[in-house]
Amino acid sequence: MGATTLASITTFIEQQGMWALVLLFALVALESFGVPIPGETALIACGVLAAQGSLSIVAVIVVASAAAIIGDNLGYLVARRGGRRLLFHYRVTRRYAERYLPRGERFFAKHGGKAVFIARFVSVLRVTAAWTAGLARMSWWRFFAWNAAGGIVWATLVALVAYFLGNAAAKAIGRYGLYAGGGALLLAAVGFLVVRRIERRAVDEERTG
């Protein structure tokens, strides 16, 4: 996510006025459903706007959490009910399904809960996890519990980081220069690397399991 993209989305959402939270819900829900659009970027933008007083940070967190959970569950249900039929209908996708679905089923049987939770924090997995879980026929109650936990934690962390770090970075740059602002942003980078490490460990366990 570039600074220009974030600035553009922030400006666009701010221009929507009372519809800003509706737009946030739509973008996060669609991304969670499986459409590759910048739902997380919209959440960051809304967190920054909340820091500026344009939105309520509580409302931002509640709307993003609900959108993440609803979008993921819709993607899961669509994939579980019709995904296999679609995959096995075409020769090209049938070969893919026969090769990878058994592995997906084993992975979600062993790591399903952790995978669903961690996927919420990784951009590519955030778009595909619900469909993968549905295709692998992961238990819906198990999916829902871990997905809800991941959605709420993700929305809260991302919104609060944008809310506090957005202000902190701006103030640090203004008072101490770019180095201080870079230090504030480094904290976010460390958090990202921790999540990526957890993701790699889960993948490695699946390969060796």
Side-chain angles (χ1 to χ4, degrees), residues 1-3 5-77 113-114 116-123 125-127 129-130 141 143-175 180-181 183-192 194-195 198:
M1 177 190 65
T5 301
L6 175 59
S8 300
I9 293 178
T10 302
T11 301
F12 178 73
I13 292 177
E14 187 176 22
Q15 292 172 345
Q16 306 313 306
M18 61 179 295
W19 295 100
L21 292 177
V22 175
L23 180 61
L24 172 64
F25 181 92
L27 290 174
V28 172
L30 286 172
E31 182 188 50
S32 301
F33 177 77
V35 181
I37 58 177
E40 185 175 64
T41 306
L43 175 55
I44 294 171
C46 286
V48 173
L49 291 174
Q52 297 171 357
S54 300
L55 296 172
S56 162
I57 188 62
V58 175
V60 169
I61 292 172
V62 170
V63 168
S65 298
I69 295 169
I70 292 172
D72 272 333
N73 277 273
L74 288 175
Y76 168 89
L77 291 173
K114 291 185 293 183
V116 170
F117 185 90
I118 293 171
R120 172 49 54 184
F121 298 87
V122 183
S123 57
L125 298 180
R126 187 165 52 249
V127 177
W141 281 108
F143 172 82
F144 177 79
W146 283 96
N147 169 252
I152 293 170
V153 172
W154 168 80
T156 302
L157 285 178
V158 172
L160 290 180
V161 166
Y163 182 80
F164 291 111
L165 186 62
N167 266 352
K171 290 179 180 178
I173 290 171
R175 185 175 300 176
L185 293 176
L186 180 61
L187 295 175
V190 170
F192 173 78
V194 170
V195 171
I198 295 173

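Side chains included, hydrogens not; waters and symmetry mates left out as well; all remaining heavy atoms used.
In plain terms, the two heavy atoms of A64 and W154 that are nearest each other are O-CZ3, 4.3 Å. Across all their heavy atoms, A68 and G151 have their closest contact at CB-CA, 4.2 Å. Counting all heavy atoms, side chain and backbone alike, E31 lies closest to I37 at OE2-O, 3.1 Å. A pairwise comparison of heavy atoms in G47 and I57 identifies CA-CD1, 4.4 Å as the closest pair.
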- side-chain contact (heavy atoms from CB on, under 4.5 Å) assessment of V28 paired with V63: CA-CA 9 Å; V28 172; V63 168; over 6 Å; no
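Below 30°, between 30° and 60°, or above 60°: for W141 and F144 the angle between ring planes is above 60°, a perpendicular geometry.
Here the side chain of N73 pairs a donor or acceptor atom with the backbone of I69 at under 3.5 angstrom.
Between the CH2 atom in W146 and the CZ atom in R120 there is a gap of 15.0 Å [rounded to 0.5 Å]. Taking SG of C46 as the reference point, atom CG of L23 lies at 7.5 Å (rounded to 0.5 Å). Atoms OG and CG, on S32 and L27 in that order, are 10.5 Å from each other to the nearest 0.5 Å. To the nearest 0.5 Å, atom CD1 of residue I152 and atom CG of residue L157 are 12.0 Å apart. Expressed to the nearest 0.5 Å, how far CG of L24 lies from CH2 of W19 amounts to 14.5 Å.
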